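First the structure, in the form of structure tokens, and then the observations on it.
Keep in mind the model is a prediction, meaning the values are calculated, not measured. If you read the sequence from its start, that first residue is 1, and numbering goes on from there.
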Amino acid sequence: MKKLTRLDNINVMEKKIPQVLRARDYRLYLSNGKRLVDLWLNGGAAVLGHTPANLLRELKNTASRGLYAPFPHFTEGRFIKALSRIFPGRSFRLYAAPPQELNNLFQTGPAKLWRPYVDPANPFAVNEDAQLLVPVISGIQTWRGELPFGLCVAAVQTKDCEDLFSRLPPSDPLPPVLLALAARGIHDILAAPERAKPKFPRLNKALQKSQWQRQGIYLNLKKTPSNGDWEALFNRFLEAGFLLPTELSQPLILPGEMSDGEEAKLAAIITDCSFTN
């Protein structure tokens, strides 16, 4: 029997996602009439929900000017300025998809993902010891594997990292509509520090006796499950009305809000879920 690889497992999980007619806030509405609470949130690109008003307005305004082609435009400077609010003193490379050189640096250690809202007390904390960070940005990224594409940012420490920076290829030309959305997403993240503190007391109590651990808005399993175990968990959550990440290396992301019934159901399945690894 063929053993599933990581990419095989992603494809298996993606095929299990029902057809989505629309996404609003933290919920997905399906063609079969059912609704899912989204705990994947596009790997974190929808950390503020699927319909943030500012992003939709920015998309409409930029698209109305026909800025789909990768022409030189001032939006790149605006995006770099927004990035510098979170990562001061760093240099940036912008890619449509992570180049192999960046993938190599991620696998060997210098490159690490950065996510907002990990620490409720400091929701935009940056590990200054990390030489190269790849931020997960609200609104414009998608995933195939462990690094984002659509837009992938390499944020490199300026001091003492010239050699590391030289190992990365030049930035890709990117369409202004993409860069405008990315800049807006960063500003929206910074304007919503309260997102780091969703109040789910019933869920927090359930986590104390579960195989999950919480960091800010993110939940990870304490032990790494096998692909088969993850597929079983994915199916169980899906049947209960929740969408898990399609890849086990990505965290479960708590939504900004849930009804009492949704929280009770999630607390119950978090408590009961188990795997053999």
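Side-chain atoms of Tyr95 come within 3.5 Å of backbone atoms of Pro169 as a donor-acceptor pair (strictly under, hydrogens ignored). A donor-acceptor distance shorter than 3.5 angstrom exists from the side chain of Thr158 to the backbone of Gly89, with no hydrogens or angles considered. Under the 3.5 Å distance criterion, the side-chain polar atoms of Tyr218 are left unmatched by any main-chain donor or acceptor of Tyr117. At least one donor-acceptor pair closer than 3.5 Å links the side chain of Arg93 to the backbone N or O of Leu168. A distance-only check finds no donor-acceptor pair linking the side chain of Trp212 to the backbone of Thr271 [under 3.5 Å].
Counting heavy atoms from C-beta outward, Phe92 and Phe79 have side chains that stay 4.5 Å or more apart. Side-chain contact between Leu244 and Leu238 is absent, with no heavy-atom pair separated by less than 4.5 Å. Looking only at side-chain heavy atoms (C-beta outward), Leu83 and Arg90 stay at 4.5 Å or farther from each other. Looking at Arg27 and Glu257, their side chains come closer than 4.5 Å, going by heavy atoms from C-beta outward. Annotation: side chain of Arg167 is not in contact with side chain of Glu101 (no heavy-atom distance under 4.5 Å).
For the atom pair CD1 (Ile217) and CZ (Arg195), the distance works out to 4.0 Å, reported to the nearest 0.5 Å. Rounded to the nearest 0.5 Å, atoms CG (Leu203) and OG (Ser210) are 8.5 Å apart. Between the CG atom in Leu221 and the CD atom in Gln213 there is a gap of 8.5 Å [rounded to 0.5 Å]. Atom CG of residue Leu147 and atom SG of residue Cys152 lie 5.5 Å apart, to the nearest 0.5 angstrom.
Between Trp230 and Glu247, the shortest heavy-atom contact is NE1-C, 3.9 Å. Taking all atoms of both residues into account, the shortest heavy-atom contact from Phe234 to Thr246 is CE1-CA, 4.3 Å. Heavy-atom minimum distance, Phe124 versus Pro193: CZ-CA, 4.0 Å. In plain terms, the two heavy atoms of Ala267 and Ala206 that are nearest each other are O-CB, 3.5 Å. Across Pro110 and Leu105, no two heavy atoms sit closer than the pair CD-O, 3.1 Å. Taking every heavy atom of both residues into account, Gln141 and Pro148 meet most closely at NE2-CG, 3.4 Å.
Using a 3.5 Å distance cut-off with no hydrogens or angles, the side chains of Gln100 and Asn104 do pair a donor with an acceptor.
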Side chains of residues 126-134: which donor-acceptor partners sit under 3.5 Å, not counting sequence neighbours?
from: Asn127; atom 1: OD1; to: Asp129; atom 2: N; distance (Å): 3.0

Return all side-chain donor-acceptor pairs below 3.5 angstrom for residues 171-188, not counting sequence neighbours, or 'none' if the list is empty.
from: Ser171; atom 1: OG; to: Leu94; atom 2: N; distance (Å): 3.0
from: Asp172; atom 1: OD2; to: Ala96; atom 2: N; distance (Å): 2.8
from: Arg184; atom 1: NE; to: Asp188; atom 2: OD1; distance (Å): 3.1
from: Arg184; atom 1: NH2; to: Asp188; atom 2: OD1; distance (Å): 3.2
from: His187; atom 1: ND1; to: Arg85; atom 2: NH1; distance (Å): 2.9
from: Asp188; atom 1: OD1; to: Asn54; atom 2: ND2; distance (Å): 3.1

Task: Trp143/Asn42 under side-chain contact (heavy atoms from CB on, under 4.5 Å): CA gap, chis, key distance, verdict - done: CA-CA 7 Å; Trp143 296 80; Asn42 196 14; 3.9 Å; yes
TODO: Please step through side-chain contact (heavy atoms from CB on, under 4.5 Å) for the pair Asp272 and Arg236, ending with a clear verdict.
DONE: CA-CA 11 Å; Asp272 294 341; Arg236 186 170 181 188; 3.3 Å; yes
TODO: List the steps, then state whether side-chain contact (heavy atoms from CB on, under 4.5 Å) holds for Leu254 with Arg214.
DONE: CA-CA 10 Å; Leu254 294 176; Arg214 178 173 176 177; 3.6 Å; yes
Task: Verdict with reasoning, Leu39 to Leu219, per side-chain contact (heavy atoms from CB on, under 4.5 Å) - done: CA-CA 10 Å; Leu39 305 178; Leu219 301 185; over 6 Å; no
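One hydrophobic cluster, built from ILVMFWY side chains closer than 4.5 Å, cannot hold both Tyr29 and Tyr26; they sit in different ones. Phe149 and Leu113 are not part of a single hydrophobic cluster, where members link through side-chain heavy atoms under 4.5 Å apart. Follow the hydrophobic side-chain contacts under 4.5 Å out from Leu41 and you reach Leu190 in the same cluster. Cluster membership for Phe242 and Leu30, using ILVMFWY side-chain heavy atoms within less than 4.5 angstrom, is shared. Linking ILVMFWY residues whenever their side-chain heavy atoms come closer than 4.5 Å, directly or via other members, places Phe237 and Val20 in the same cluster.
Open room surrounds CD on Gln215; 12 or fewer heavy atoms of other groups in view lie less than 6.0 Å from it. Within 6.0 Å of CD on Glu76 lie no more than 12 heavy atoms contributed by other residues, nucleotides or ligands.
Listed by chain and residue number, Glu262 satisfy the side chain to side chain donor-acceptor pair (under 3.5 Å) test with Arg35 (two or more places apart in sequence, or in another chain).
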